[in-house]
Amino acid sequence: MTARCGGPSGKAFGSGSMIQQGRGTWQLRVSAGSDPVSGKRKRIIRSFKGTKREAALALARLVLEVESGIDTDPGRLTVFSHFERWLEYRRTRVRPETWARYENLIRIHVVPELEALKLSRVRPAHVQRVLDRMASGGGAAASVTQCYRVVSGALRQAVRWQYLATNPAEAVSPPRRERPALQVPAMEALQRLLEATQGSSWEAPLTIAVATGLRRGEVLGIHWYDVDLDAGKVRVTATVQRHTGKGLVIVDPKTDRARRQVKLPTPARDALRRYRADQVGRRLKSGEAWEDRELLFDRGDGHPLDPDVFSRAFKRYAKKAGLPAGTRLHDLRHAFATTLLAEGEHPAVTSAVLGHSSPAFTMSVYQHVLDSMGEQAAQSWLRAWRTAKGQSSKPS
């Protein structure tokens with residue numbers, strides 16, 4: 001079809017055309033096929049005010065609308081319709097559990113407030129109202145912040161799709177998220193924990209968690225081909241997660257930095273050697289019932305362990321070892337990181353070992369440790385100063 005801009009001599013423009021009717025006024029036409037009953041040709045005609053470039057963009061959206069059956073007119077698109085479309089767009093771009101969280105936040109907190117509102121009429125005050133209602137209803141600061149990020153992300157995509165000129169959420173200040181104080185078990189407490197697990201099936205996985213700082217899903221996602229006991233190394237190539245409707249699944253690490261290699265200290269290597277002998281015995285007894293997935297840690301028949309079962313087992317042994325009430329399995333990771341930093345390991349190295357997204361994130365989480373190292377750094381400088389001064393005062 002021909003797009004006529006100001007006259008019959010126009011440029012080809014897909015299956016639609018635009019005709020200039022006056023200064024800054026355009027008529028957009030798109031063929032919509034034929035009526036199945038009458039056989040007559042159908043055509044969508046809309047008026048548009050704006051520049052030639054804006055009219056061309058509007059025509060492109062109208063062509064897309066007709067060809068896909070989706071209403072792309074920003075003037076008619078509701079918040080509900082856009083967020084539905086955004087969720088479908090994100091479905092294949094994030095993990096299932098992340099997508100389910102997005103859908104839950106939108107369904108419970110966004111839709112009741114903004115469902116029928118036209119997308120083009122969304123203002124910062126509307127976004128602020130969603131967050132304020134959520135907070136006044138008892139929502140945790142972390143959840144309110146996540147809701148803000150979801151809403152902002154959906155509206156930012158609307159800008160990319162040219163439904164909106166700007167993102168209204170950018171003018172909203174999300175609630176300040178207070179980072180909770182870390183519960184970091186001392187080294188003596190960790191030793192008591194591992195002593196309490198000796199001889200049990202949980203000795204090896206908890207020793208790995210203590211000695212490497214791996215996340216619980218990463219510990220359970222290790223395969224035997226990832227382990228080199230002689231070299232004392234383990235590669236992190238998978239993680240075990242529970243997905244709604246699918247049960248336990250083994251997935252790739254979330255980021256490239258999470259895919260890494262870590263060292264196995266001697267206590268971890270010794271625990272794994274003992275565990276391997278026990279697993280071989282269980283495998284022989286199971287016979288054909290054994291699911292050969294080459295997992296380091298299994299539930300007893302070769303199948304992956306549930307991360308929540310791992311956490312509950314930790315709770316039992318933590319109580320037995322006298323760890324403070326409320327200590328979580330994830331706090332073993334914090335203890336590992338804190339120990340590295342307190343012993344003078346560079347934050348960039350610590351970040352790489354932990355599989356964090358960046359050293360900046362590591363520093364933000366463990367700033368309290370870095371702050372306490374100020375005195376240590378000053379003493380190091382003073383020792384260097386005195387050494388240099390003593391050398392310079394020696395006779396040549």
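- There is a path of hydrophobic side-chain contacts, each under 4.5 Å, that joins Val309 to Leu329.
- By the side-chain contact (heavy atoms from CB on, under 4.5 Å) test, Arg101 pairs with Asn104, Leu105, Ser143, Gln146, sequence neighbours left out.
- Taking 4.5 Å as the limit, every side-chain heavy atom of Val172 sits out of range of all side-chain heavy atoms of His126.
- Arg333 contributes a side-chain N or O that, together with a main-chain N or O of Gly213, makes up a donor-acceptor pair within less than 3.5 Å.
- Gln27 places a side-chain heavy atom less than 4.5 Å from the side chain of Ile45.
- The shortest non-hydrogen separation linking Cys147 to Val110 is SG-CG2, 4.2 Å.
- Here the side chains of Leu194 and Pro267 are not in contact, with every heavy-atom distance at 4.5 Å or above.
- The CG atom of Asp252 sits 8.0 Å away from the OG1 atom of Thr237 when rounded to the nearest 0.5 Å.
- A donor-acceptor distance shorter than 3.5 angstrom exists from the side chain of Lys263 to the backbone of Ala231, with no hydrogens or angles considered.
- For the residue pair Thr78/Ser81, the side-chain donor-acceptor check at 3.5 Å is satisfied.
- Taking every heavy atom of both residues into account, Leu296 and Tyr275 meet most closely at O-CE2, 2.8 Å.
- A salt bridge links Glu88 with Arg91; the closest basic N to acidic carboxylate O contact falls under 4.0 Å.
- Within a 6.0 Å radius of NZ in Lys254, no more than 12 heavy atoms belonging to other residues, nucleotides or ligands are found.
- Here the CD-CD distance, from Glu84 to Glu103, works out to 9.5 Å after rounding to the nearest 0.5 Å.
- Transitive grouping of hydrophobic side chains (ILVMFWY, heavy atoms separated by less than 4.5 Å) brings Leu164 and Leu87 into a common cluster.
- Closest approach of Val184 to Ala335, counting heavy atoms only: CG1-CA, 3.5 Å.
- Counting only N and O atoms by type, the side chains of Arg257 and Ser351 include a donor and acceptor under 3.5 Å apart.
- Within 6.0 Å of CZ on Arg93 lie more than 12 heavy atoms contributed by other residues, nucleotides or ligands.
- If you run side-chain hydrogen bond (donor to acceptor under 3.5 Å, both in side chains) between Arg283 and each of Asp278, Asp301, Asp292, only Asp292 comes through.
- No more than 12 heavy atoms of other residues, nucleotides or ligands lie within 6.0 Å of NZ in Lys319, so this atom counts as exposed by the packing criterion.
- By the rule that hydrophobic residues join a cluster once side-chain heavy atoms approach within less than 4.5 Å of another member, Leu214 and Leu229 end up as members of one cluster.
- Atom CD of Glu218 sits about 4.0 Å away from atom CZ of Arg260, to the nearest 0.5 Å.
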>> Set out, in order, the CA-CA distance, both residues' side-chain angles and the distance that settles side chain to side chain contact (heavy atoms under 4.5 Å, CB included) for Ile106 and Val111, then state yes or no.
In response: CA-CA 6 Å; Ile106 290 171; Val111 169; 3.9 Å; yes
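- Linking Ile, Leu, Val, Met, Phe, Trp and Tyr residues whenever their side-chain heavy atoms come within less than 4.5 Å leaves Val150 and Ile108 in two separate clusters.
- A parallel orientation is assigned to the rings of His223 and Tyr225, their planes being inclined by less than 30° (bins at 30° and 60°).
- Using a 4.5 Å heavy-atom cutoff, the side chains of Ser357 and Thr255 are not in contact.
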> Which is it for Trp26 and Glu54 under the side chain to side chain contact (heavy atoms under 4.5 Å, CB included) test, yes or no, and what are the steps along the way?
Replying inline: CA-CA 10 Å; Trp26 308 82; Glu54 291 169 340; over 6 Å; no
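- Shown here is Arg121, whose CZ atom has no more than 12 heavy atoms of other residues, nucleotides or ligands within 6.0 Å.
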>> Test side chain to side chain contact (heavy atoms under 4.5 Å, CB included) on Leu295 and Leu220; report intermediate values, then the result.
In response: CA-CA 8 Å; Leu295 285 169; Leu220 302 183; over 6 Å; no
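- Here the OG1 atom belonging to Thr207 is positioned 10.5 Å from the CG atom belonging to Leu332, to the nearest 0.5 angstrom.
- Of all the heavy atoms in Phe336 and Thr212, the pair that sits closest is CE2-O, 3.3 Å.
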> Passes salt bridge (charged side-chain N to carboxylate O under 4.0 Å, His left out), Arg259 versus Asp256? Steps please.
Replying inline: CA-CA 5 Å; Arg259 187 185 295 272; Asp256 289 339; 5.4 Å; no
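- Note on ring orientation: taking the six-membered ring where Trp is involved, the planes of Trp202 and Phe310 are parallel (angle under 30°, cut-offs 30° and 60°).
- Inter-residue side-chain proximity for Phe314 and Leu193 is flagged as met; some heavy-atom pair is nearer than 4.5 Å.
- The closest donor-acceptor contact from the side chain of Lys315 to the backbone of Thr327 lies under 3.5 Å.
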>> Under the criterion salt bridge (charged side-chain N to carboxylate O under 4.0 Å, His left out), I'd like the reasoning laid out for Asp308 against Arg216: C-alpha separation, chi angles, the key distance, then a yes or no.
In response: CA-CA 9 Å; Asp308 289 339; Arg216 66 175 190 174; 3.1 Å; yes
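- Every residue two or more places apart in sequence or in another chain was checked for a salt bridge (charged side-chain N to carboxylate O under 4.0 Å, His left out) with Arg316, and none qualifies.
- The closest side-chain heavy-atom distance from Val151 to Phe83 is below 4.5 Å.
- In this structure, the ring of Tyr89 has its center less than 6.0 angstrom from the ring center of Trp161.
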>> Run the side chain to side chain contact (heavy atoms under 4.5 Å, CB included) test on His243 and Val251 for me, step by step, so that the C-alpha distance in whole Å, both residues' side-chain angles and the decisive distance to 0.1 Å come before the verdict.
In response: CA-CA 10 Å; His243 287 180; Val251 299; 4.1 Å; yes
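- Contact annotation: the side chain of Leu341 approaches that of Pro347 to within less than 4.5 Å [non-hydrogen atoms, C-beta and beyond].
- In this structure, the side chains of Phe297 and Ile208 come closer than 4.5 Å at one or more pairs of heavy atoms.
- Proximity of a side-chain donor or acceptor of Tyr148 to a complementary backbone N or O of Ala169 within less than 3.5 Å is detected.
- When atom types are taken as modelled, the side chain of Arg29 and the backbone of Ser17 share no donor-acceptor pair closer than 3.5 angstrom.
- Under a hydrophobic-cluster definition in which Ile, Leu, Val, Met, Phe, Trp and Tyr are linked whenever side-chain heavy atoms come within less than 4.5 Å, directly or via other members, Trp99 and Phe80 are assigned to the same cluster.
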> For Arg299 and Glu291, what are the C-alpha separation, side-chain angles and deciding distance, and is it a salt bridge (charged side-chain N to carboxylate O under 4.0 Å, His left out)?
Replying inline: CA-CA 10 Å; Arg299 69 182 188 186; Glu291 178 72 19; over 6 Å; no
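- Judged by distance alone, the side chain of Arg90 and the main-chain N or O of Ala154 form no donor-acceptor pair under 3.5 Å.
- Put simply, CG on Leu77 and OH on Tyr163 are 6.0 Å apart, with the number rounded to the nearest 0.5 Å.
- Between Thr25 and Lys49, the shortest heavy-atom distance links the atoms OG1-CG, 4.4 Å.
- Between Trp224 atom CH2 and Glu294 atom CD the span is 11.0 Å, to the nearest 0.5 Å.
- A pairwise comparison of heavy atoms in Pro307 and Leu248 identifies CD-CD2, 3.8 Å as the closest pair.
- Looking at Arg160 and Gln157, their side chains do bring a donor and an acceptor atom within 3.5 Å of each other.
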